[in-house]
Amino acid sequence: MPKLTIDGVEIEVPGGITVLQACELAGKEVPRFCYHERLSIAGNCRMCLVELEKAPKPIASCAYPAADGMVVKTDSPMAKAARKGVMEFLLINHPLDCPICDQGGECDLQDQAMAYGFDRGRYAENKRAVKDKDFGPLIKTIMTRCIHCTRCVRFATEIAGVPELGATGRGESMEIGTYVEKALSSELSGNMIDLCPVGALTSKPYAFVSRPWELKKTDSVDVLDAVGSAIRVDARGPEVLRILPRLNEDVNEEWISDKTRFAVDGLKRARLDRPYVRRNGKLEPASWPEALAAIADRLKGVSGSRIAALAGDLADAESMAALKDLMAALGSANIDSRQDGAAIDASRRDFYLFNTTIAGIEEADACLIIGSNPRWEAPLVNARLRKRWLAGGFTVGLVGEARELTYGYEHLGTSPQALADLLAGRHPFAATLKAAKKPMVIVGQGALARPDGAAVLAAAWALAREANALRPDWHGFNMLHMAAARVAGLDLGFLPGAGGRDTAGILAGAQDGTIEAVWLLGADEIDPATLGRAFVIYQGHHGDRLAPRADVILPGAAYTEKNGTYTSTEGRVQQGQIAVFPPGEAREDWAILRAASAMLDRPLPYDDIAALRARLVAANPVFGRIGLARNGGCADPAGPAGDPARMGSAPFASPVRDFYRTDPISRSSRTMAELSALFVQPAAPAAAAE
């Protein structure tokens with residue numbers, strides 16, 4: 001390990017790092033614009049110049065490898081003069097429009113000009129002007145501000161895997177753009193806004209909305225997919241104005257998907273802000289006592305076997321626990337948290353988790369994806385798979401629809417026949433899995449939400465076992481969920497009890513009259529027509545697909561408006577925090593259920609969220625391990641119930657047909673509607689990358 005002297009202090013650093021990284025390890029701040037820890041080194045802004053003893057001129061520390069015996073000075077007169085000169089050059093053409101720039105207050109150029117720049121400019125020539133580019137509905141461009149750091153270009157090419165950005169021209173004529181004018185098609189494009197160190201790329205929907213110092217900032221967790229990305233909710237008064245990523249190396253690193261970031265406008269549209277009761281065939285506004293009394297009157301005398309409950313994809317663990325307890329008090333075992341009817345064996349937790357963990361993908365050397373399109377189902381998982389693929393020594397096979405996944409893969413087939421061939425060793429990829437030291441299998445919900453789902457699940461587990469992926473030191477079986485509520489529902493046992501009905505049974509009973517009442521906790525992914533003539537209680541925050549079908553509507557709180565617990569696809573229990581209050585008369589979901597239980601003379605035994613969370617831990621101790629994902633290998637290779645021989649012949653298909661509109665919030669977003677119209681077309685699937 002090389003030893004360097006940095007500003008008079010000797011430090012030993014790992015081999016292979018740069019001088020800039022060594023300075024950071026020594027606690028010295030070195031300014032930079034083009035350098036970013038997660039991108040390749042460009043070395044083109046020159047802001048990170050430092051003095052190196054015996055070197056004739058300052059060096060670009062971001063691109064200079066650290067070596068033994070170096071003597072580096074970060075605050076010498078030479079280094080300071082060099083930075084002032086670089087900053088003066090950067091500001092020659094930069095427009096003086098800070099008062100109207102959305103990046104004002106969060107601008108690296110502003111901050112570094114203040115800290116390291118010169119107090120005057122010496123150039124009187126006219127400034128250069130660059131025509132703004134159209135990057136689509138999400139990113140607003142003012143390219144005259146661009147300093148050519150190329151962070152956006154490198155992000156699009158390396159992280160997103162959609163190389164649509166680049167530079168044309170040279171010198172003063174150089175411009176960043178899309179070559180042929182088009183909208184950026186990546187599901188991660190909004191991260192370029194965070195990466196841009198100036199105001200060249202800003203959020204188009206957020207333009208001129210607020211200043212950063214006006215916002216109340218709340219740490220929370222994303223619920224629009226099952227990844228559990230760490231986010232920050234920025235609000236002003238009663239309104240959420242933007243969603244930004246937080247750093248979480250184990251989950252989303254520092255990225256979030258465009259849906260997470262830009263569906264924020266859906267939080268203020270089509271909201272349910274008061275209870276409704278159907279009278280004479282028409283939904284009419286009602287008070288809370290009237291709505292709860294209507295439920296109590298209708299359920300009075302109804303046998304528990306004729307009552308059912310379904311939990312939706314955005315439900316928090318607290319509300320599901322309260323609804324499960326309420327159904328148990330009413331004598332009903334007809335509950336389910338799997339709206340899509342996925343055949344998931346919940347008898348063991350590792351049967352339904354992403355056991356390798358998202359960060360663990362970087363340790364794998366082979367991957368088989370079954371019935372999933374991770375680019376749309378979990379963009380951050382797809383980005384991690386691409387990161388591992390770029391590192392080399394990682395082979396990917398896909399069984400299912402051929403889609404552009406931003407990394408090379410071998411398309412093995414579209415139907416379960418490919419799994420049967422792999423199990424029998426008839427396909428060459430079976431040898432690839434067996435030869436791998438740390439193979440992994442990813443099963444998507446599209447492979448399970450079908451009549452032969454249990455057989456497919458058993459076959460996927462058997463494949464992992466045959467590939468020696470189920471060992472005490474490595475667990476290579478992974479289920480990729482799409483719903484933020486799914487794993488918590490399975491952990492809580494929000495599943496049919498003894499003699500109870502699952503989703504298909506509940507809907508069949510609603511149509512033939514054996515189920516008289518159905519309580520929908522934000523369950524919007526089922527067909528309203530399948531509820532027959534049942535009495536429907538809809539509890540949710542948006543007037544989405546099922547609200548018009550309801551007989552009683554109970555307005556709940558969205559994820560930004562309540563303290564809620566969610567469990568990600570890898571089994572990581574996380575808590576979201578309240579950023580704003582629910583609109584109008586809407587209330588937190590668990591509190592609604594507690595009030596309803598009192599009206600039904602079945603009062604639940606908790607009156608505050610602390611007591612309810614204690615109930616969660618009592619139901620399953622995993623809810624007490626906040627922020628932790630399962631780790632370790634597979635203790636028991638015995639598989640889930642199901643016979644691989646019973647797999648059908650129908651091809652696998654991802655259940656996500658429109659990435660931008662998968663839930664009540666994103667379906668209410670105008671921005672998501674615009675993206676859907678722009679990108680989601682009935683075009684032929686892209687061929688597999690070889």
Side-chain angles (χ1 to χ4, degrees), residues 30-36 39-50 57-63 79-136 139-157 164-181 184 192-204 206-208 211-212:
V30 177
R32 82 291 300 266
F33 290 115
C34 69
Y35 175 79
H36 191 277
L39 303 175
S40 61
I41 294 171
N44 53 11
C45 78
R46 321 309 284 182
M47 192 62 197
C48 63
L49 294 175
V50 298
K57 58 183 180 181
I59 63 165
S61 60
C62 72
K80 290 179 179 179
R83 291 171 189 160
K84 285 183 178 180
V86 169
M87 183 61 70
E88 193 173 356
F89 275 115
L90 284 174
L91 295 178
I92 287 173
N93 283 312
H94 200 80
L96 302 177
D97 56 0
C98 295
I100 63 161
C101 178
D102 270 314
Q103 199 85 328
E106 297 174 320
C107 176
D108 289 348
L109 186 66
Q110 240 181 23
D111 296 341
Q112 293 187 37
M114 183 75 175
Y116 302 102
F118 199 44
D119 62 355
R120 66 188 70 91
R122 294 174 287 173
Y123 288 82
E125 290 79 8
N126 292 330
K127 289 181 179 286
R128 179 187 71 148
V130 181
K131 182 182 177 182
D132 293 341
K133 310 296 191 298
D134 184 3
F135 285 0
I139 299 178
K140 178 183 177 182
T141 63
I142 298 97
M143 300 310 292
T144 302
R145 300 171 183 165
C146 179
I147 62 170
H148 299 164
C149 71
T150 68
R151 280 186 178 183
C152 57
V153 176
R154 285 175 284 148
F155 175 85
T157 303
E164 296 174 340
L165 281 179
T168 54
R170 300 188 67 183
E172 190 179 64
S173 300
M174 177 176 163
E175 296 183 16
I176 302 294
T178 54
Y179 306 115
V180 177
E181 190 164 291
L184 298 177
M192 298 178 195
I193 297 168
D194 299 333
L195 286 174
C196 184
V198 295
L201 305 181
T202 56
S203 172
K204 189 174 284 188
Y206 180 68
F208 307 122
R211 289 297 196 182

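Throughout, residue positions are numbered sequentially from 1 according to the sequence presented. Because only heavy atoms are used, hydrogens play no part in the values below, and waters and symmetry mates are left out as well, while side chains stay in.
Residues satisfying the ring-ring contact (aromatic ring centres under 6.0 Å, His included) test with F155, not counting sequence neighbours, are W255.
The side-chain heavy atoms of F33 and Q112, taken from C-beta on, include a pair separated by under 4.5 Å. Counting only heavy atoms from C-beta outward, the side chains of V198 and D108 never approach each other to under 4.5 Å. Residues M87 and L109 meet the side-chain proximity criterion, which asks for heavy atoms closer than 4.5 Å. Inter-residue side-chain proximity for F89 and R46 is flagged as unmet; no heavy-atom pair is nearer than 4.5 Å. Using a 4.5 Å cut-off on side-chain heavy atoms (C-beta onward), L165 and M192 make contact. You'll find the side chain of Q110 reaches within 4.5 Å of the side chain of C98, heavy atoms only.
Contact detail for C62 and I41: the closest heavy-atom pair is O-CD1, 3.2 Å. Residues C149 and C34 approach most closely at O-CB, 3.5 Å, considering heavy atoms. Here the shortest heavy-atom pairing between C146 and I176 reads SG-CG1, 3.9 Å. Contact record, V86 with M47: CG1-SD, 3.9 Å, taken as the closest heavy-atom pair.
To the nearest 0.5 Å, atom CG of residue L201 and atom OG1 of residue T141 are 7.5 Å apart. To the nearest 0.5 Å, the span separating CG on N44 from CZ on R151 amounts to 10.5 Å.
Checking side-chain atoms of R32 against main-chain N and O of C48 turns up no donor-acceptor pair under 3.5 Å.
Sorted by first and then second residue, the side chain to side chain donor-acceptor pair (under 3.5 Å) pairs with a member in residues 86-104 read E88-R122, D97-R145; sequence neighbours excluded. The side chain to side chain donor-acceptor pair (under 3.5 Å) pairs that include a residue from residues 166-175 are K133-E175, where partners are two or more places apart or lie in different chains.
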Determine, stepwise, if the pair F135 / E164 fulfils side-chain contact (heavy atoms from CB on, under 4.5 Å).
-> CA-CA 10 Å; F135 285 0; E164 296 174 340; over 6 Å; no
Hey, mind stepping through H148 and L90 against side-chain contact (heavy atoms from CB on, under 4.5 Å) and telling me if it holds?
-> CA-CA 10 Å; H148 299 164; L90 284 174; over 6 Å; no
